[in-house]
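Down below is the structure, laid out as structure tokens.
A, B, ... follow the sequence lines: proteins, then strands. Residue 1 opens every chain. Being a predicted model, the structure only gives us computed values, none of them experimental.
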2 protein chains.
Amino acid sequence: MLNRHTVERLVIYNRVLKDLAKKNVKWATSEKIAEILFRSPAQVRKDLSFLGKKGKPGVGYNIRSLIGELDSTLGLRKTWGVALIGAGNLGRALFHYPGFKREGFEFRAIFDNNSSKIGRRWGDITVTPITSLNSVVRKRKINIAVMTVPDYAAQEVADKLTAAGLKELLNFAPVTLNVADNVNVRYADLALELENLSYNLNHRALK
Amino acid sequence: MLNRHTVERLVIYNRVLKDLAKKNVKWATSEKIAEILFRSPAQVRKDLSFLGKKGKPGVGYNIRSLIGELDSTLGLRKTWGVALIGAGNLGRALFHYPGFKREGFEFRAIFDNNSSKIGRRWGDITVTPITSLNSVVRKRKINIAVMTVPDYAAQEVADKLTAAGLKELLNFAPVTLNVADNVNVRYADLALELENLSYNLNHRALK
DNA sequence: CCCTGTGAATATTTTCACAGCT
DNA sequence: AGCTGTGAAAATATTCACAGGG
């Protein structure tokens with residue numbers, strides 16, 4: 001089991017390598033990869049060493065084979081089922097985001113409790129109330145939930161999702177979720193991102 | 001100058017404290033805050049100690065005064081001007097996201113080079129081509145750029161933004177940007193987030 | 001008495017540096 | 001000759017533990 005930081009970097013190496021492959025580059029050294037990502041070659045080597053011995057001394061890494069290894073390790077050879085919880089503006093934008101399908105993530109269900117949204121069709125998916133969660137998760141083979149619900153609803157929704165057996169949540173609500181240890185939550189908290197930038201702006205202004 | 005991790009946590013403490021204040025709680029100990037966020041009391045104390053001595057031994061932290069201190073440190077007492085680059089689905093969702101304005105971030109310009117979008121009005125802002133960037137940044141006092149452009153355009157857009165003097169970027173494009181050291185980029189890379197979850201799913205499946 | 005603020009200790013992460021493979 | 005893989009060293013980050021203040 002790799003630690004979170006390592007996985008975050010592996011995901012990025014994978015993307016960089018796919019970019020290079022698209023440009024028909026066949027081999028890359030740890031130094032080359034590090035340069036593109038503004039990191040150290042030693043870190044790239046150490047991270048990649050977790051995949052087993054994949055580099056060729058004197059040459060570097062074969063890009064195609066490294067991508068294959070990363071795709072396997074990261075679970076990107078499979079297609080995962082995603083449910084969207086919250087059929088608002090942000091939910092719609094994510095639903096149409098082309099990067100998800102390309103990487104093997106497939107929206108298979110959309111939930112919303114707002115009666116004006118229930119029954120609407122987004123592509124070939126019908127918006128349903130969250131009461132149908134358990135059966136849909138089973139029938140549609142849902143693995144991941146993307147939560148774009150209002151902050152006051154987030155914890156309750158998370159409880160229902162984990163009760164339905166989901167263990168991977170991507171949460172856009174500005175709330176720290178209380179979940180069991182075996183559940184993974186990733187936070188995509190957009191206001192927090194801006195507040196981090198704000199600190200820098202403020203610090204600059206004070207100097 | 002605080003390090004990135006500390007600032008990320010301060011931003012979160014600030015949100016938690018505002019939640020508590022809304023519930024009319026007046027004081028909180030480091031242990032209470034830590035419990036809500038699943039962190040250690042020592043870390044909360046050390047982080048907050050960077051603000052100067054703000055806690056009362058034997059009692060804890062006065063929530064109202066701590067929020068004030070955090071708002072000042074994080075630059076949240078000011079209103080910052082934000083430009084949106086890329087008037088697509090995701091851009092629209094962010095434009096309407098209520099959390100931004102509430103925290104003092106104000107969209108003041110929208111740029112897009114797509115002729116079908118130029119001239120459209122979003123609320124009282126008109127979408128303009130990015131050629132007008134420099135003058136708009138000056139006139140509208142833009143501090144932060146939110147980039148929701150396609151990946152192939154991202155680096156070029158980032159170059160233009162920094163050339164116009166912007167130093168704080170929130171980038172939604174799945175690309176590592178090459179920028180000068182004094183420019184801060186935060187990445188909101190949604191496919192990466194799912195890929196991180198995918199690793200966990202895969203790892204679970206293999207066990 | 002209880003909790004803060006903080007040096008010291010511990011744990012984790014990153015980098016160094018080099019033996020060894022191609 | 002050039003680059004990987006990796007223990008050892010260095011740098012960071014977190015936690016401990018307690019002196020001191022309200």
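A:Q43 has its CD atom 17 Å from the P atom of C:dA17, to the nearest Å. Rounding to whole angstrom units, NZ of residue B:K54 and C1' of C:dT6 are separated by 18 Å. Taking atom CG of A:N3 as the reference point, atom C1' of D:dT12 lies 15 Å away to the nearest angstrom. Rounding to whole angstrom units, CZ of residue A:R45 and C1' of C:dA17 are separated by 10 Å. Taking atom CZ of B:R4 as the reference point, atom P of D:dT14 lies 11 Å away to the nearest angstrom. When the C1' atom of D:dT4 is taken as reference, atom CZ of A:F50 falls 15 Å away, rounded to whole Å.
Both A:A42 and A:V59 sit near DNA chain D, but only A:V59 has its closest nucleotide nearer the 5' end. Comparing A:P57 and A:H5, the nucleotide of DNA chain C nearest to each residue sits closer to the 5' end for A:H5.
Residue A:T29 places none of its side-chain N or O atoms closer than 4.0 Å to OP1 or OP2 of D:dC3. Taking 4.0 angstrom as the limit, A:S40 places a side-chain polar atom (N or O) nearer than this to OP1 or OP2 of C:dT15.
Using a 4.0 Å heavy-atom distance criterion, A:R9 is classed as a sugar-phosphate-only contact.
At a cut-off of 3.5 angstrom, counting only N and O atoms as typed in the model, there is no donor on one side facing an acceptor on the other between the side-chain of B:K46 and the base of C:dT6.
Formation of a donor-acceptor pair under 3.5 Å by the B:N113 side chain with backbone atoms of B:I130 is found in this model.
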